[in-house]
Structure formats: structure tokens, C-alpha cells
Amino acid sequence: MTQISELKKNIDPDLTGAQMHRLMEKLYPICRSITGDGVRKTLDIVGERIPLSISEVPTGTRVFDWTVPREWNIRDAYIKAPSGERVVDFKANNLHVMSYSVPVHAKMPLSKLKDHLFTLPDRPGWVPYRTSYYAENWGFCLSHEQLTQLPEAVYEVCVDSSLEEGNLTYGECFLRGERPDEVLISCHVCHPSLCNDNLSGIALAAFLAGLLRPLSLRYSYRFLFIPGTIGSITWLALHEDRTRRIKHGLVVTGVGDPGGFTYKKSRRDCAEIDRIVEHVLKHSGAAYEIADFSPYGYDERQYCSPGFDLPVGCLQRTPHGKYPQYHTSADNLEFVKPAALAESLLLYLGVVDVVENNGLYVNTNPMCEPQLGRRGLYTAIGGRSDSFDRQMAMLWVLNLSDGSNTLLDIACRSQLRFDLVREVADALLQHGLLRGEPSGRGSGA
Amino acid sequence: MTQISELKKNIDPDLTGAQMHRLMEKLYPICRSITGDGVRKTLDIVGERIPLSISEVPTGTRVFDWTVPREWNIRDAYIKAPSGERVVDFKANNLHVMSYSVPVHAKMPLSKLKDHLFTLPDRPGWVPYRTSYYAENWGFCLSHEQLTQLPEAVYEVCVDSSLEEGNLTYGECFLRGERPDEVLISCHVCHPSLCNDNLSGIALAAFLAGLLRPLSLRYSYRFLFIPGTIGSITWLALHEDRTRRIKHGLVVTGVGDPGGFTYKKSRRDCAEIDRIVEHVLKHSGAAYEIADFSPYGYDERQYCSPGFDLPVGCLQRTPHGKYPQYHTSADNLEFVKPAALAESLLLYLGVVDVVENNGLYVNTNPMCEPQLGRRGLYTAIGGRSDSFDRQMAMLWVLNLSDGSNTLLDIACRSQLRFDLVREVADALLQHGLLRGEPSGRGSGA
Amino acid sequence: MTQISELKKNIDPDLTGAQMHRLMEKLYPICRSITGDGVRKTLDIVGERIPLSISEVPTGTRVFDWTVPREWNIRDAYIKAPSGERVVDFKANNLHVMSYSVPVHAKMPLSKLKDHLFTLPDRPGWVPYRTSYYAENWGFCLSHEQLTQLPEAVYEVCVDSSLEEGNLTYGECFLRGERPDEVLISCHVCHPSLCNDNLSGIALAAFLAGLLRPLSLRYSYRFLFIPGTIGSITWLALHEDRTRRIKHGLVVTGVGDPGGFTYKKSRRDCAEIDRIVEHVLKHSGAAYEIADFSPYGYDERQYCSPGFDLPVGCLQRTPHGKYPQYHTSADNLEFVKPAALAESLLLYLGVVDVVENNGLYVNTNPMCEPQLGRRGLYTAIGGRSDSFDRQMAMLWVLNLSDGSNTLLDIACRSQLRFDLVREVADALLQHGLLRGEPSGRGSGA
């Protein structure tokens with residue numbers, strides 16, 4: 001048995017789900033954007049759980065076709081009625097201010113103010129999430145119900161923000177494994193009080209890093225906590241050479257909603273990570289869909305741009321845009337479920353288990369079957385179904401280990417679970433019936 | 001937008017369909033066969049619309065395994081009752097005489113005459129179409145109803161035909177494009193008063209040539225108006241070297257009946273023309289079927305013979321033999337519909353549009369996405385569905401333009417319409433975000 | 001027409017099925033195991049029909065990872081009640097003794113005896129079949145009904161067997177063909193009174209060899225009559241070099257039950273034999289299934305081990321374990337049907353027909369179609385459906401014979417029967433329209 005299988009068994013989903021949710025509760029109130037102190041505070045909190053190296057990239061740095069923007073910070077923002085009452089207040093909910101709003105302090109009639117107000121007429125009780133990173137503007141988001149009830153009047157509007165030379169901030173947790181080859185886990189940290197997109201991804205990445213950290217791993221693991229789009233572009237621009245080491249990668253987000261899983265394949269369509277995730281989902285018992293790559297979505301857009309074409313997919317639950325709460329105030333702490341968070345974490349661990357334990361072995365007795373009976377490896381077929389599967393797994397591993405099939409290939413062709421294939425491969429290795437590359441310290445090889 | 005897309009928009013289907021039908025009305029009465037004056041008259045009429053070079057290939061010319069046959073001409077033919085009445089008269093309907101009937105003038109009882117009479121017992125009101133090109137014989141075709149009513153008597157039969165040294169005649173319309181690479185459009189001109197097979201193909205080819213002629217085209221276009229089988233064999237034998245230039249080809253016939261489209265793929269099965277036609281049909285809104293190649297059918301049999309293996313498919317409506325009117329007097333001017341003719345012509349234009357505008361481009365910013373926003377190319381996604389599609393098309397073109405995918409490949413993988421993909425590629429070319437081969441003057445490149 | 005097609009037509013299924021069944025009746029009473037006189041007697045009887053060379057491989061011979069075991073022979077065995085009555089008697093049914101039971105002669109109470117008794121509680125009237133080749137033990141098999149009625153008492157048990165240095169025996173029938181390339185037909189001869197598994201396979205192999213023997217064959221044919229597992233391992237170990245000549249192979253067993261056919265593909269998945277058997281089954285009119293290779297089953301496990309990876313599939317009717325009679329006394333002479341045996345034999349002949357007659361030809365007139373009419377090869381299409389198929393077959397063979405497609409490839413792509421494709425290829429060869437390798441004397445080439 002591998003370390004990760006054991007680790008999975010020791011996880012109490014209720015407890016872990018609750019802990020992940022508590023981390024999200026801590027992060028929820030912070031006003032994050034693609035730059036600024038919100039990101040720094042978020043990384044500080046994540047850094048309490050896992051070792052995080054923080055990078056600051058100055059405004060104006062050229063990153064491929066893009067430029068690191070000015071840093072945005074905000075202290076306060078409101079719309080005040082003639083009565084002096086704050087009818088819209090950033091301090092009550094940071095979604096009320098459009099992200100990257102430029103400073104403003106003015107009085108204006110409702111009719112003019114409306115050019116800067118955003119609502120969701122179809123979801124009249126919810127506040128939308130809006131940004132204007134690259135076009136200078138300011139704005140407020142509020143519920144449509146509230147908008148329709150605002151009396152005609154002259155309102156005082158104030159956005160006490162700053163857009164100044166500064167930095168783009170991101171965090172990195174690197175777990176050095178036996179090999180320089182890397183597995184990339186990337187989540188975005190630029191959304192304010194929104195839970196499924198993006199706090200669930202941050203929580204999963206932080207917990208996964210925490211769980212893997214004490215293990216002896218075959219691969220090195222790189223966890224990126226970065227602002228969306230400009231963050232991944234910045235990281236790729238600054239680490240172009242290092243990207244060659246990335247052998248597998250996943251973008252993690254949207255892992256707390258109660259829906260089934262969706263895996264969006266990498267641009268390569270049949271990279272090892274694509275086959276691994278599909279295999280793990282197939283045997284997970286959970287509902288899932290496999291989606292083809294498309295150049296729209298999260299940071300896989302950048303990782304899978306043609307100049308990089310990295311084997312990076314996106315493993316989430318309900319895809320963005322397919323749940324109405326997406327990018328609204330309804331994507332809150334109640335929308336994400338501890339049980340869903342824990343299930344997602346366990347699924348990611350299952351993927352890591354295959355990543356770590358896949359390997360290519362060679363049957364040392366390729367001419368006919370070896371005599372398993374005299375080695376005590378032959379259990380009467382026809383007995384318990386698990387022993388039948390175990391026996392079949394052994395025959396499959398022996399038959400296909402001709403130097404061209406990995407254990408994952410064998411699991412796929414035999415339709416058996418990877419962990420069973422791995423388990424019998426370990427037994428065959430111990431008896432000298434297989435040889436090959438060592439496959440992680442957990443493998444018994 | 002490309003020239004051809006604009007051209008398509010300016011076509012009034014009602015008007016054009018009626019014009020195509022009128023051309024067929026002019027051609028309908030002529031008695032065509034694989035040689036003879038009927039072909040010459042037909043080419044004269046086609047030549048009034050488009051520049052046509054006429055070739056005459058002498059009887060006896062060896063063309064691969066075949067020999068150009070004697071030229072057949074016919075002046076009159078009839079079966080005369082004892083009363084002197086012409087009960088079967090070539091002048092009333094040229095289908096009454098079996099094509100290539102040798103001359104005969106004799107009297108014989110009905111019992112003997114019957115060896116030379118052909119009817120369709122299952123379709124008692126229709127006159128069949130029969131030929132005997134390579135076996136010397138004579139015959140008459142009539143309705144089964146008429147046959148059963150012919151009284152027992154001695155009849156006078158006369159076929160006033162000639163089979164003499166002469167020529168095989170065919171016509172060619174060549175439109176020189178930017179490149180020597182050719183697109184072949186081939187139709188047969190050997191059937192007498194039969195409309196869907198073959199007048200509809202002649203009309204479509206003539207109109208298509210007329211429409212393309214004023215354009216600046218990337219490919220050169222060769223329209224062949226040839227007798228079936230022996231005509232394509234003759235042309236191939238005389239232009240063996242030139243066939244290497246043929247990059248795409250279509251055999252056109254059966255494009256006027258009211259049924260859905262059928263595209264029979266080339267022998268190559270996944271030639272570019274096969275993928276283009278399938279893409280155009282898929283997005284056409286029309287009913288269609290894709291059929292595998294088979295060595296039975298029209299002149300694609302010769303173009304796709306193993307020594308040539310040209311990328312030539314057959315794009316028709318209802319396939320030959322699948323409509324009862326096929327090769328009978330019921331395949332007449334009423335059977336073919338102006339609306340079907342116009343729809344077929346527009347579909348062919350859609351195919352030419354992709355042929356002309358497909359191309360291979362390379363993303364000049366392959367590392368991450370380029371910043372579309374600062375170039376004004378980024379329209380907020382989530383707005384109108386066509387702007388969403390446009391944005392997606394842009395992302396797809398950027399993502400897949402790595403030097404291995406043509407615009408058609410991109411349209412197929414993204415499931416977007418080719419013209420949208422082409423349109424955004426033009427915008428990206430204008431902004432320097434793509435580079436690559438120029439792709440026709442209509443492309444804006 | 002090929003020799004084998006003619007042969008098939010001359011076979012009377014009723015007569016042949018009855019003859020095959022009679023051979024099984026002769027073999028049924030013999031107590032076979034993986035070694036011993038039962039195998040020798042079996043091979044003697046088979047040797048009356050076909051020339052069989054017998055090999056004896058001494059106990060202790062190393063064969064890859066295995067060792068040839070001691071030879072087992074048995075004279076008598078029984079369980080005697082206190083009354084002296086033999087309540088279980090080997091002489092009544094040799095399934096009553098577990099194969100390879102070591103000698104024993106003792107008295108013991110039922111409670112202790114029960115450790116050595118095997119029954120089928122789910123099938124209380126049937127006697128199971130048990131073996132213990134590699135673990136020293138003794139045992140009796142009986143019906144569950146009988147066991148539940150045995151009174152508590154002290155019983156005398158006797159197994160009068162011997163396990164001694166001796167030999168493993170197998171038989172081989174080799175038919176030398178034009179080429180050294182071999183077709184392997186392998187059946188196992190190690191089961192006692194069990195009919196479908198394995199007597200039906202022995203009967204089919206013996207009859208097939210008998211039918212092929214007088215023919216002039218392109219391939220050489222090797223029929224192996226061997227004990228399962230250790231027999232194929234032994235043969236492979238002693239003839240490792242010769243295995244390179246094996247171009248096609250089938251393991252034959254389970255061909256007498258009334259179920260449909262099942263073909264289990266070779267490990268290569270698309271070897272020529274796999275495509276041949278699928279083609280023959282598809283056009284056989286019989287019910288059938290195609291199963292993927294799996295490393296569990298009969299001797300294909302050894303032939304398809306990774307070091308050999310021979311193109312050997314298993315063509316049977318109902319697969320082992322899928323019929324309840326499997327490995328019980330109910331797999332008897334009534335379970336196997338003469339009609340099923342004959343149908344299986346004819347199917348194997350159909351496979352051999354394609355094996356013998358497949359070939360690669362080249363169209364000598366690849367530029368356009370040759371003129372079939374002047375060679376009398378053109379029959380009016382539209383006439384009888386078989387002449388239409390014949391004409392289509394001719395066009396397909398001409399079109400695809402470009403040096404890359406065998407006749408089997410052509411039959412598959414055209415969806416026509418192989419024998420029709422072969423037949424028209426012969427006609428085309430006779431007219432010089434094809435050339436290529438000669439393909440068996442039956443082909444007319």
C-alpha cells in the first residue's frame with residue numbers, strides 16, 4: 001500500500017470538511033483583487049498552514065504581451081442618501097464596489113449615478129460581482145430590489161481607493177520530491193467575498209499541500225496562489241524555463257458546491273493527467289463529466305496557450321457559469337458544503353496517488369506465465385470476488401508489462417482500479433517477477 | 001468578410017433558381033449521348049453563359065484501357081402501326097430510342113419487335129432510359145401502359161441513326177486563380193431529356209462558373225462538361241500530368257430534386273474537401289447524409305481510381321437510384337425545383353468559400369494569451385450570443401494556431417462556423433496577432 | 001472457387017456432426033489428466049484418424065518458470081460404507097476422484113472424510129470436477145444430494161493412484177504446406193469425462209486436420225493436442241524458435257454446446273486472425289460475440305504471454321464459466337450437440353478459407369477503370385442481386401488493389417463476403433487485370 005492510500009483512509013471527511021470551511025470563513029471578509037493588500041492578507045492566512053514564499057512583482061513589469069498593472073487598494077466606499085444614511089456600504093459587503101474602481105467623491109442625482117450601478121434583474125435579491133481592471137472606471141454593485149426602491153435624490157458617492165505604483169503579489173508553496181519533475185496545482189486568489197469561486201480552491205490547495213508536505217514524494221509539487229490571468233501570465237513569464245519540468249498540472253477552483261465533478265481536459269487531450277483524472281473519477285463512485293479542452297475558463301487558458309501547451313487540466317465540481325450563484329453574493333459560505341470540500345480533497349489525493357505511483361515495469365518471466373502457485377501468489381479463482389479481481393490484476397500486470405504499458409495503461413485496459421493494479425505490482429516486484437524503475441517510496445519497490 | 005460570403009448574400013434564391021431552371025428548359029429537348037451533335041448543341045448553350053473551350057477527340061483514340069467510340073447521331077426514329085400512325089416517335093421524346101441504337105429499317109410482328117422494346121412494369125406510365133454504347137443493338141423505350149395496349153400486328157420500325165468515325169466532344173471552363181492549384185468541378189452531359197440526372201448538374205456548374213468568374217480567386221477552377229465515364233477517362237488520359245494540380249474536386253449532378261443533400265466522400269475518406277463539405281453541410285441547416293466512398297456512381301469512379309486517387313467527392317441531393325424517377329421520363333422539368341437548384345448552388349458556394357479561405361496561420365504571441373482588451377478586440381463575454389461566439393472564435397484561433405491547425409481544423413474542433421473563424425482570423429491578422437500564408441484576396445490578409 | 005469452399009459444400013452437417021459426436025463417445029470414458037495413460041489412450045484414438053507424432057517429456061524437465069510434474073496414474077478409487085457397498089466409485093464416473101489425488105487407503109468417520117469431499121450445493125444433482133496438480137492432496141467429488149444422504153459412519157476410502165517419475169505426453173499433427181509459415185490449432189487433452197470442455201475441441205481439431213490433410217495448402221498447419229497450461233508451456237519452451245513461424249493461431253475448445261459463438265481476440269487485438277474470424281462470423285448468419293483479449297482463459301494465456309505475443313485467439317461457443325454445466329458431470333455427451341459440432345467445424349473451415357486465400361494484389365490498370373464489358377466481366381447492374389454484388393466486388397477489388405489492401409481489407413471496407421471478393425479477384429487475375437503474389441493453389445493464380 002502506498003502512503004497516500006493510507007493517508008486517505010485516515011482522513012475523517014466530516015472533520016476535514018469542517019476545517020476547510022473554517023479556513024474559508026477566515027478568508028471570506030477580505031477584499032481581494034488582482035493586486036493589493038487583500039491578496040497579501042490572504043497569503044498570510046494560508047501561510048499559517050503551509051510554508052509559502054511570497055513574490056512581489058513591480059507595476060510596469062512586462063510579462064509577455066501584458067504589463068503588471070498599478071496596485072489597487074481600497075479603504076472605504078459608499079453611497080450616501082441625503083439623510084446621511086449609507087444606503088450602499090463597502091464595509092457591509094465588499095462586492096458592493098466594482099473591483100479596481102478609481103477614486104471618486106461626488107454628489108450626483110440618481111439618474112446620473114445609475115451609469116455606475118450594476119444589478120442582476122433576473123436575480124433581484126443578489127449583488128453581482130464586477131471588475132474593471134484595464135479600463136479606468138468606478139462603480140457600485142447592489143441588489144436589483146434595492147435599486148428599484150432607491151428614491152430619486154442627489155446621492156453622495158465615495159470610493160476611497162488608490163491605484164498606484166506597487167506590486168502584484170503571489171504565493172508559492174514548493175514541496176521538493178525525489179525528482180525535479182513537477183506537479184503544478186494552481187488556484188486564483190483575486191476574488192473578494194466569493195466562496196466557490198475562488199475560496200474553495202484556495203482551501204483545497206492549502207489542505208492538499210499540508211497533507212502532502214510530510215510525505216516522501218516522487219514528484220516535486222508546486223502550489224501557486226496567484227491572481228487570475230495576470231498572475232499566471234506573470235508567473236509563466238518569470239519562470240519560462242522552469243515550465244519544462246511541469247509533467248502534470250491541475251487548476252483548482254469551484255470545488256465546494258454540491259454538484260458532481262467536471263474535469264476539463266488539457267489542450268493535449270490525452271496527457272497522462274487527463275487519463276489519470278478520468279480513471280480516478282470513473283472509479284470514484286461520484287457523478288462526473290469529462291469536458292473537452294476549450295480556451296475559455298481559468299488559468300489553464302495560459303498554461304495551455306500554444307507556446308507552453310502544458311499538460312494542465314481543470315478539476316472542479318460544477319463549472320463556472322453553470323450555477324446561478326457564480327459571481328454573485330449568493331456564492332457565499334452557505335453555498336459551499338463541508339462534505340463537498342472534503343470529497344473534492346479526497347479526489348485530488350486519489351489523483352496524486354496515481355501520479356505518484358504510476359510506473360513502467362517489465363515482466364522478468366515474459367515467456368509464458370510464471371508459476372504463481374509455488375510463490376503463494378495464486379489464490380483459487382472463483383472464490384471471493386476481491387480475490388478474483390486481485391488474481392486478474394496479477395495476470396494483467398504480468399501480461400502487459402512488456403515495457404510499453406504503464407500501470408495506468410494496464411488499469412485502463414483491464415478496467416481494474418489503479419490501486420489494485422499497483423498493489424499486485426508491488427507483490428510481483430517483491431517476488432522478482434517484475435523489475436523496473438522505482439516508483440515512489442510508497443510503492444515498496 | 002470574404003468576397004464569396006458577400007456574393008452569397010447578394011443572391012436572390014427565387015430569381016437564381018428560376019434562371020437555372022430556364023437554362024434546363026433550353027437544354028431539355030436536346031438528344032444527348034456520349035458523342036454526337038447533342039453534346040455540341042448543349043455546350044453551345046452553356047457557352048453563351050461562360051467561356052467554354054471545346055475539345056474534339058477522334059474516334060479510335062486510345063484512352064488508358066478504353067477507345068473513343070464511333071460518333072453517334074440520330075435524325076429520326078419511330079415505330080409505325082399498319083395504319084401509318086407513329087405509335088412510338090423519337091421526335092415526341094428522345095428517351096424513346098435506346099441511346100447508341102444502330103440504324104434499322106424493317107417490318108416485323110409485335111412478337112419479334114418485343115425483343116427490342118423496354119418498359120418499366122412497376123411504373124407503367126413512365127418511359128425508361130436505356131443505352132447500349134458498347135454492344136451493337138437497337139431498341140425502343142415506351143411506357144408499359146402503351147406496350148400492353150399495342151395490338152398484335154406487323155410494325156414498321158425505323159432508327160435513322162449513324163455510327164461513324166467522328167469525335168468525342170467535351171467542354172472546359174478554366175478560371176485562372178492566384179495559384180496553379182486547381183479545384184475540379186465535373187458534370188456529365190451525355191443524358192438526353194433527363195433533368196435531375198444530368199441537366200441540374202450542368203446548370204449548377206454553369207452558374208457557379210459564372211459567379212466565380214469575376215472574382216479574384218486563390219485557386220484556379222476547372223469546370224468539365226463531359227460525357228460520363230468515357231469522357232472523364234478521356235480527359236484524365238489526355239491530362240494525366242495536370243491532375244497533380246487538382247487539390248479539391250466535386251462531381252456535380254442530381255442537385256435539383258426536393259430531397260436532402262448527400263455527400264459521398266472521396267476515396268481518401270478524409271481529404272480536405274471531405275472535411276470542408278461535411279463542415280458546410282453541418283452548419284447549413286439543411287438535411288444531409290455523409291456516405292462513404294464506393295467505387296460505383298458517377299465520374300468520381302475514374303477520378304478516384306487507384307492510379308489517380310484524386311480528392312474528389314460527389315455532392316448531390318438524393319443519390320442516383322434512390323428516387324424512382326431516376327433514369328425515367330419522370331425525371332423531367334417538373335421533378336426539379338428552382339428552390340432546390342438555388343439551395344444547391346448556395347451550398348456549393350459555401351464550399352468554395354471554405355476552399356478559398358482556409359489557411360494555416362501562426363499565433364505571433366504564443367506564450368499566454370495576448371491582451372485583446374487594449375487592442376479593442378475584447379468584447380465583454382456574457383453579452384450577445386454572437387459576440388460570445390466571436391470572442392470564443394478568437395480564443396480558439398489564438399490557441400490552436402501553432403502551425404499545425406488550419407482554420408478549418410479550428411472550426412471543426414471548436415464547433416464554430418468557418419466564416420466566423422475566418423472573420424476573427426482576419427481581425428487578428430490585422431492586429432499582427434497572427435501571421436502566415438496569405439489566404440486569398442478576400443481574406444484581408 | 002477455392003478448394004476449401006468446395007470442401008465446405010461437400011460436407012453433410014448431420015453426418016459430420018454425428019461422426020464428431022461418435023469420436024467424443026469413444027474418448028468420454030477415459031480418465032485424462034495433465035499426465036498419464038489417459039492422455040496416451042486419447043492420443044491413440046485421435047491417431048486413428050490423423051497422423052500424430054507423440055512426444056514424451058520427462059518429469060523434472062524445466063520449462064521456463066515451470067517443471068514437468070510427476071506422472072499420475074490411477075487404477076481404482078472408492079468410498080466404501082460399513083456394509084461394504086461402494087457409495088462413491090471411480091469406476092462409475094472418473095470425476096469422482098480429484099485429479100492428481102495422492103494414494104490413500106484408510107478408514108475414517110464421515111466428519112473427517114468431509115474435508116476431502118467436494119460438492120456443488122447450488123447444483124445438488126451434479127458432480128463437480130476438481131484438480132490439485134501442484135498441492136499434494138486427495139479428494140472425492142460427489143453430488144450434494146448424495147452427500148446429504150450419507151449416514152454418519154466410518155468409511156473406507158481408497159485411492160489406488162501413483163505419482164511417479166514419468167512423462168508429460170502430447171501429440172502433434174503437422175500438415176506441411178507451400179510455405180514454412182504456420183497456422184497453429186491448439187486443444188487441451190487433460191480433462192476426464194467432460195465433453196464441451198475439452199472433448200469437443202479434440203474432435204474439432206481431429207476432424208479439421210483430417211479434412212485439410214489431403215489439400216494443397218499455402219500455410220503449414222500444426223495441430224497440438226496437449227495438456228492445458230503445462231502442456232502449452234512445455235511445447236513453447238521446447239520450440240521457442242519455431243514460434244516465429246506462427247502467423248495465425250486458434251485455441252479450440254467449447255465448440256459443442258448449443259450457444260452462439262464467442263471469439264476472444266488475441267493480445268494484439270487486430271491481428272489478421274482477429275480480423276479474419278470477425279469477418280467470417282459477421283457473414284456466418286450465426287449469433288456471435290467478439291470479446292477483447294484477457295489474460296485469463298485457456299492456452300492463449302501462454303501463446304499471448306508478452307515474450308511470445310503470438311497472434312492466437314480463442315474461437316469457441318459459450319465461454320467457459322458462462323454455462324452452468326462447465327466443469328461438472330453435466331458437461332456430458334448430451335450437453336454437446338452434433339449440429340453445433342458440425343457448425344463449429346464449418347466455421348473453422350471458413351476461417352481457414354480466408355487464411356489460405358487472403359492476398360495482396362495490384363491493379364494492372366490503375367488509371368481509371370478497365371473496360372470490363374469487352375472482357376465479358378461486366379454484367380448489367382440492376383439485375384439479380386448476386387450479380388450486383390459480384391459487379392460491386394469487382395469494382396472494389398480494382399479500386400482498392402493499390403498495393404496496400406489485402407483481399408480481406410477489401411472485403412471489410414466493402415462489407416462484402418470474402419469468398420465473393422476472392423472469386424472476382426480470381427476472375428480479374430485470369431484476365432490480367434490484377435497481378436501479385438500467388439495465394440494458394442486454389443486461387444487460380
Side-chain angles (χ1 to χ4, degrees), chain A residues 62-69 100 118 120 122 128-137 226 228-241 243-244 265-269 291-310 312 320-321 326-328, chain B residues 360-407 409-417 420-421 424-425 427-429 431-436:
Chain A
R62 290 280 298 171
V63 286
F64 297 126
D65 193 52
W66 302 63
T67 306
V68 172
Y100 261 67
F118 302 97
L120 293 168
D122 291 347
Y129 163 56
R130 285 290 187 118
T131 70
S132 188
Y133 300 137
Y134 300 101
E136 292 206 356
N137 199 357
I226 51 175
T229 304
I230 186 66
S232 52
I233 292 169
T234 298
W235 189 87
L236 286 166
L238 300 180
H239 305 90
E240 196 176 326
D241 282 354
T243 58
R244 285 188 219 125
K265 290 193 280 188
S266 78
R267 182 181 186 271
R268 296 188 189 179
D269 193 59
D292 284 336
F293 174 76
S294 128
Y296 185 52
Y298 291 104
D299 285 318
E300 70 276 9
R301 292 164 67 156
Q302 314 309 329
Y303 301 127
C304 296
S305 57
F308 289 107
D309 195 21
L310 296 176
V312 176
H320 73 89
Y326 173 72
H327 278 195
T328 77
Chain B
L360 186 70
Y361 299 93
V362 178
N363 180 340
T364 56
N365 277 274
M367 314 302 266
C368 300
E369 294 172 4
Q371 196 178 3
L372 298 175
R374 66 176 161 88
R375 294 175 175 91
L377 293 171
Y378 186 82
T379 47
I381 291 186
R384 291 186 309 138
S385 70
D386 63 339
S387 85
F388 177 77
D389 279 357
R390 198 179 139 83
Q391 196 65 45
M392 285 304 298
M394 216 171 269
L395 295 175
W396 274 112
V397 170
L398 288 167
N399 189 276
L400 293 182
S401 289
D402 57 5
S404 72
N405 298 297
T406 65
L407 296 184
D409 296 330
I410 296 170
C412 289
R413 183 160 174 188
S414 67
Q415 313 230 37
L416 294 166
R417 296 177 65 93
L420 181 61
V421 168
V424 303
L428 294 169
L429 280 160
H431 284 85
L433 292 173
L434 285 186
R435 64 179 162 76

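Naming convention: chains lettered A, B, ... in sequence-line order (proteins, then strands); numbering from 1 in each chain.
When every heavy atom of A:Trp66 is checked against every heavy atom of B:Glu369, the shortest pair comes out as NE1-O, 2.6 Å. In terms of heavy atoms, A:Tyr296 sits closest to B:Phe388 at CE2-CE1, 3.9 Å.
With a threshold of 4.5 angstrom between heavy atoms, B:Asn363 approaches chain A through side-chain atoms but not through N, CA, C or O. For a residue to count as touching a neighbouring chain, one of its non-hydrogen atoms must lie under 4.5 Å from one of that chain's; by this rule B:Leu398 touches chain A with the backbone only. Heavy atoms of A:Ser294 lying under 4.5 Å from chain B belong to its backbone as well as its side chain. Residue A:Tyr303: no heavy atom, backbone or side chain, is found under 4.5 Å from chain B. Using a 4.5 Å cut-off between heavy atoms, A:Leu236 contacts chain B through its side chain alone, with no backbone atom that close.
We find the OG-CG distance between B:Ser414 and A:Asp292 to be 11.5 Å, quoted to the nearest 0.5 Å.
Between chain A and the residues B:Asp402, B:Asn365, B:Asn399, the most heavy-atom pairs under 4.5 angstrom are made by B:Asn399. The candidate with the highest count of non-hydrogen atom pairs below 4.5 Å against chain B, out of A:Ser305, A:Pro295, A:Gly307, is A:Pro295.
B:Arg374 and A:Asp65 are joined by a salt bridge, as a carboxylate oxygen and a charged side-chain nitrogen come within less than 4.0 angstrom of each other. Classification of A:Asp269 and B:Arg413 as a salt-bridged pair fails, no side-chain N sitting under 4.0 Å from a carboxylate O.
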